[in-house]
Amino acid sequence: MTRKPVTQVVILGGGTAGWMAATALVRIMGDLPGFSVTLVESESIGTVGVGEATIPQIIGFNRLIGLDEMQFMRETCATYKLGIEFVDWLRPGHSYVHPFGSFGIDMLGIEFQHFWLRGASLGDPASIDSYSIAAVAGKAGKFGWPQPDNHKSPLSRLSYAFQFDAGRYARFLRGMAEARGVRRVEGKVVEVGQDAETGHVTALTLDNGTTLAGELFIDCSGFRSLLLGQTLGIPFTDWSKWLPCDGAVAIPCERGGAHEPLTRSTARPAGWQWRIPLQHRIGNGHVFSSAFMEREEATDILLANLDGKPLADPNNLRFTAGHRTKAWAKNVVALGLAAGFLEPLESTSIHLVQSGIARLMSLFPDTGFSQVEIDRFNRETEQEYVDIRDFLLLHYSATERDDSEFWRYCRNLEPTDGLKAKLEMFRSSGRIFRENNELFTEASWLSVMLGQGIKPEAYHPAAALLDERETRDRLGHIREVIANTVAQLPTQDAFLRQRGGAIAPGELATT
Ligand code: FAD
């Protein structure tokens, strides 16, 4: 059996997805004899230009590509992110944090939330947030790296991610990829050649007449999905019934207000507003449903709720929540927006690019393009989208808000089967199970279910093995240890200065 390895890879698109794929491919496969990666992008088309908040998995990607964290912080004007603060989502005036990492500590072999539920039933009013070092540090504007081996410290249970300037991140990755031999070609793809027999893509033709031949094509063309959607005709599964937001206005503004290492999401009458504090500016956006609000009104709401002076014109975006039924067809693999988009509420898109790259690496084809590997890639990708969709839907459907048409629509949404099962289990006994190795952990589900007002009717019977006094003492002790640890952490700004991750003062307030 002689199956020839794929050595000629062509990536269409130079947004975050394209440059992440290029960097990872040369890092992992670059030493294969004859291996080449060509990336084509068009400055006249540009990139989506948003995508600033991430989740902790990105640390694994950064390590894989050999990125120096402090250089990265400086060059992308990045800040740390310890979670997302959800304001007004349950009802106006209410807020909670979905933190990274875990809550409290498990006791007697039982998950922590059961002891917290028992404490609450005994009248202990402390919120679940006060048992998360990420939530407490985030609200205090503090930051420190996790200490995974320091088992006695709550820092062993901390996780973090980044908030960065999307344009600078793509440029930073481009620099790394080009230094490792990726060839960048400027031009607009105007024609896609296909093999008459197999339908495989054979070459891309640019507006200047150049032809780029390849064996494997990675479609990172953004919402256009030029190869997977337009050329191969892979249909789009529309999930806007569950995720009704389909528009966004984004605008950066001058730094003002607090600079906690948290992304903030504030519910608005027909959607929500993001606030992402970076080192040089704040990224803002209003995600809304056009069925319930005009773009003009969405823009006015955004402009009325900025911390500082706008630094650019509003960037208008449209999207549909959902994904391509197959992310890999024939010799085309789609990553990023070309494969799907589930709205930015939990900052999952860049992660989906990353997990798509990881999956592609583990199933990297030869020129035979075996269907069994393609099918596995597609099954896993679809499951990941389904699990994330259900988690996002939780935020919208579990709300007490009934102050606008949009929220009345959301609160009457029928949960999907996966979400229904999670809700029933949690309501019944406070238990949470992570299915299919899904992205969001038990701690994430716990924080958002509680934050959105879901109340368990019972807790694990073994939690009652601790008597009332011991329950209160242990809970109080955990809160105290977390508060004391946070008190000793530096502010995020001081941490960045001390470690060499702060930008030069002259870079403030530039886009
Ligand atoms: P794009 O950035 O659109 O890049 C497409 C590339 O394809 C461009 O280089 C373009 O020039 C090229 N191209 C297209 N057609 C052609 C052609 N014919 N010829 C040549 N080149 C072509 N993600 C997060 O993780 N966190 C967030 O906080 C977040 N916020 C978001 C907010 C909004 C409102 C939106 C819409 C998205 C957000 N995302 C977020 C998603 C994130 O922006 C994207 O996942 C990420 O930027 C990757 O985009 P992309 O590279 O797939 O597409």
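Everything numeric in this text was worked out from a predicted model, so none of it was measured. Every number for a ligand or one of its atoms is a count from 1 in the order of the listing.
Comment: R184 engages E41 in a salt bridge, judged by a side-chain N to carboxylate O separation of less than 4.0 angstrom. Here E384 pairs with R359 in a salt bridge; the nearest charged N to carboxylate O distance falls below 4.0 Å.
In V190, neither the side chain nor the backbone holds a heavy atom less than 4.0 Å from any atom of ligand 1. When heavy-atom distances to ligand 1 are checked against a 4.0 Å cut-off, C220 comes that close only through its backbone atoms N, CA, C and O. Under 4.0 angstrom from ligand 1, the non-hydrogen atoms of E52 all belong to its backbone. Proximity of L12 to ligand 1, defined as any heavy-atom pair under 4.0 Å, is confined to the side chain (atoms from C-beta onward).
At under 3.5 Å, not a single nitrogen or oxygen of I276, backbone or side chain, sits near a nitrogen or oxygen of ligand 1. Checked by distance only, ligand 1 and L226 stay at 3.5 Å or farther apart across all their nitrogen or oxygen atoms. Between G14 and ligand 1, a contact under 3.5 Å exists for at least one N or O pair.
The contact set between ligand 1 and I350, taken as ligand atoms under 4.0 Å from a residue heavy atom, comprises 23 (N), 24 (C), 25 (O). Less than 4.0 angstrom separates some heavy atom of A248 from each of these atoms of ligand 1: 34 (C). Counting the atoms of ligand 1 from 1 in the order shown, those under 4.0 Å from a heavy atom of P344 are 29 (C), 30 (N), 31 (C), 32 (C), 33 (C). Set against the non-hydrogen atoms of A17, the atoms of ligand 1 under 4.0 Å away are 48 (C), 50 (P), 51 (O), 52 (O).
Taking the side-chain contact (heavy atoms from CB on, under 4.5 Å) definition, one finds that A398 meets it with L394, Q452, I454, sequence neighbours left out.
Ring pair H323/Y385 is parallel by interplanar angle, where below 30° counts as parallel and above 60° as perpendicular.
For F162 and Y169, the ring centers are positioned 6.0 Å apart or more.
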Donor-acceptor contacts, no H, no angles, side chain residues 290-299, under 3.5 Å, sequence neighbours left out:
residue: S290; atom: OG; partner: D246; partner atom: OD1; Å: 3.2
residue: S290; atom: OG; partner: D246; partner atom: OD2; Å: 2.7
residue: S290; atom: OG; partner: R318; partner atom: NH2; Å: 3.4
residue: R295; atom: NH1; partner: A248; partner atom: O; Å: 3.0
residue: R295; atom: NH1; partner: N316; partner atom: OD1; Å: 3.1
residue: R295; atom: NH2; partner: L317; partner atom: O; Å: 2.8
residue: T299; atom: OG1; partner: R295; partner atom: O; Å: 2.8

